[in-house]
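The chains referred to below are lettered A, B, ... by the order of the sequence lines, with proteins before strands, and numbering in each begins at 1.
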Amino acid sequence: MHKTLFAAACAAALAGCAGTSPSGGGSDAAVRAKAVDVMKASFKERGIAKLDRLIQDETQALCSQYATTAPPKDVAARIEKANMALIKPPADGQYLGDWKRGEQVAQRGTGFQYSDTEKTPVGGNCYACHQLSKQEISYGTIGPSLYNFGKLRGFTPEMQKYAWGKVYNAHAYAACSNMPRFGAQGILSEQQLKDVVALLMDPKSPVNQ
Amino acid sequence: MRTRALYAGLLAAAGIVAAPQAAAQDAVKEIEKYREALQDGNPAELWEARGEDLWKRPAGPRKVSLEKCDLGLGPGVVKGAYAQLPRYFADADRVMDLETRLVHCRMTLQGLTREEATKQPFGAGTDRKSDNDALVAYVTAESKGVKMNVPLAHPKEKEMYALGEKMFYFRGGPYDFSCATCHAADNTRIRLQDLPNLTKPAGAQLAYTGWPAYRVSQGELRTFQWRLNDCFRQQRFPELAFTSDASIALTSFLARNANGAEFKAPTIKR
């Protein structure tokens with residue numbers, strides 16, 4: 001399964017696959033393929049974390065391949081297009097939920113770890129990487145500050161749609177983003193997505209005070 | 001100055017909780033625990049002493065000690081050995097990190113089965129102590145003050161390093177994370193916890209030479225292998241198997257990148 005994916009990744013970017021690794025023998029693609037095989041033999045499923053988590057989709061494979069260089073323009077465009085196609089708008093067309101619940105989703109860091117169960121509430125953990133409200137001083141800096149996001153960008157329908165799409169699938173707008181694809185990967189529910197979009201885009205949200 | 005850094009570190013440690021008020025309370029608690037722990041020196045010494053005893057005392061079906069175990073610098077040489085691991089061992093025709101080598105010695109010298117030699121890789125409270133933790137504490141302490149000097153000469157060492165590098169950048173799982181998501185940029189943090197940039201010598205050196213560590217918040221000595229496992233948990237991956245090739249490869253990559261720095265562990269961390 002993964003072999004095909006890698007072949008696809010190589011076909012997409014011959015240059016990257018022909019290069020040789022600076023430290024090891026063999027072509028870069030061969031080392032990468034072997035690393036995948038070794039990983040598959042080195043992990044054990046535990047609780048909800050099964051071994052299929054080591055099977056990469058095309059986006060993951062390409063973003064691993066170009067992790068140190070950033071993908072070439074054509075590859076980036078392909079990744080963005082494929083991920084854009086995965087974005088589903090909310091069924092009722094309403095992008096904004098309840099920012100108060102959105103704040104809870106942004107605070108919560110659990111979900112999908114082998115120390116969690118299927119019943120563990122899943123969060124978006126936005127504060128791990130972003131500043132959001134002024135009140136929360138314990139925020140990370142892997143992503144940009146989102147303080148005053150709606151106020152600065154405008155409370156327009158277009159921005160609501162962008163915020164939805166961005167949280168749904170960050171790669172649609174920035175290939176190989178470090179941000180999880182909360183909608184496309186099924187991490188957050190449609191309601192939770194609406195709630196965090198409200199956190200960003202509701203004029204009453206603490207993010208916009 | 002030192003106190004300030006310490007304070008900042010502890011505040012950072014407590015920052016994982018939601019409300020700032022709760023964070024402040026937690027931080028005070030953490031600082032108290034930290035002070036208590038420091039009063040009698042680093043509790044890691046308890047693990048080191050137990051490890052030295054395990055190393056020297058005859059054990060296993062063959063009733064021999066581990067004193068003939070070759071950690072890379074010759075049979076029985078412990079001083080400075082950890083600073084040159086992982087490395088290739090001709091007798092096993094494999095690159096091994098410390099844990100893998102200890103398992104090898106306990107099997108080949110003492111006659112333990114693999115199952116016996118690999119059970120309880122990490123401690124879990126006083127009734128579930130880990131021999132591995134203790135042995136690792138003892139051996140690593142014997143490299144305190146020694147410069148990291150991990151070899152990259154044998155083809156298999158080169159291969160392990162190259163594989164570890166690829167694994168570092170391997171994105172997968174429901175969150176698309178790799179090690180690089182959290183450890184490939186300067187001056188970033190998750191919540192308030194500073195993240196080392198492990199792709200640069202300074203970051204790799206600082207991070208690698210500080211493990212194992214006595215974790216005050218857990219009351220346990222935690223090994224570098226434990227650190228890898230816990231990061232993979234946060235990465236939403238399945239469980240990294242103890243002494244597996246991926247574990248050795250990643251350790252090779254990070255240990256080699258720490259070359260030139262003085263080894264400092266076992267340390268004490270929040």
J.: Is A:Ser177 in contact with chain B via its backbone, its side chain, both, or neither, using a 4.5 Å heavy-atom distance?
T.: backbone

J.: Heavy atoms, side chains only, cut-off 4.5 Å: are B:Tyr169 and A:Arg32 in contact?
T.: no

J.: Examine whether an atom of A:Lys50 lies under 4.5 Å from a heavy atom of chain B, and if so say whether it belongs to the side chain, the backbone or both; otherwise answer neither.
T.: backbone

J.: Any side-chain heavy atom of A:Tyr139 sitting closer than 4.5 Å to one from B:Arg189?
T.: yes

J.: For A:Ile142, is it the side chain, the backbone, both, or neither that has a heavy atom closer than 4.5 Å to a heavy atom of chain B?
T.: both

J.: Do A:Cys176 and B:Arg171 have side chains that approach each other closer than 4.5 Å (heavy atoms only, starting at C-beta)?
T.: yes

J.: Could you check whether any side-chain heavy atom of A:Val31 comes within less than 4.5 Å of a side-chain heavy atom of B:Glu165, counting everything from C-beta outward?
T.: no

J.: Can you tell if the side chain of B:Leu163 reaches within under 4.5 Å of the side chain of A:Met39, non-hydrogen atoms only?
T.: no

J.: Would you say B:Phe177 and A:Pro180 make side-chain contact, with heavy atoms under 4.5 Å?
T.: yes

J.: Going by distance alone, is a donor N or O of one side chain under 3.5 Å from an acceptor N or O of the other, for B:Arg233 and A:Gln113?
T.: yes

J.: Taking side chain as everything from C-beta outward and backbone as N, CA, C, O, which of these in A:His130 sits under 4.5 Å from a heavy atom of chain B? Side chain, backbone, both or neither.
T.: neither

J.: Between CZ of B:Arg191 and SG of A:Cys129, what distance do you get to the nearest 0.5 Å?
T.: 10.0 Å

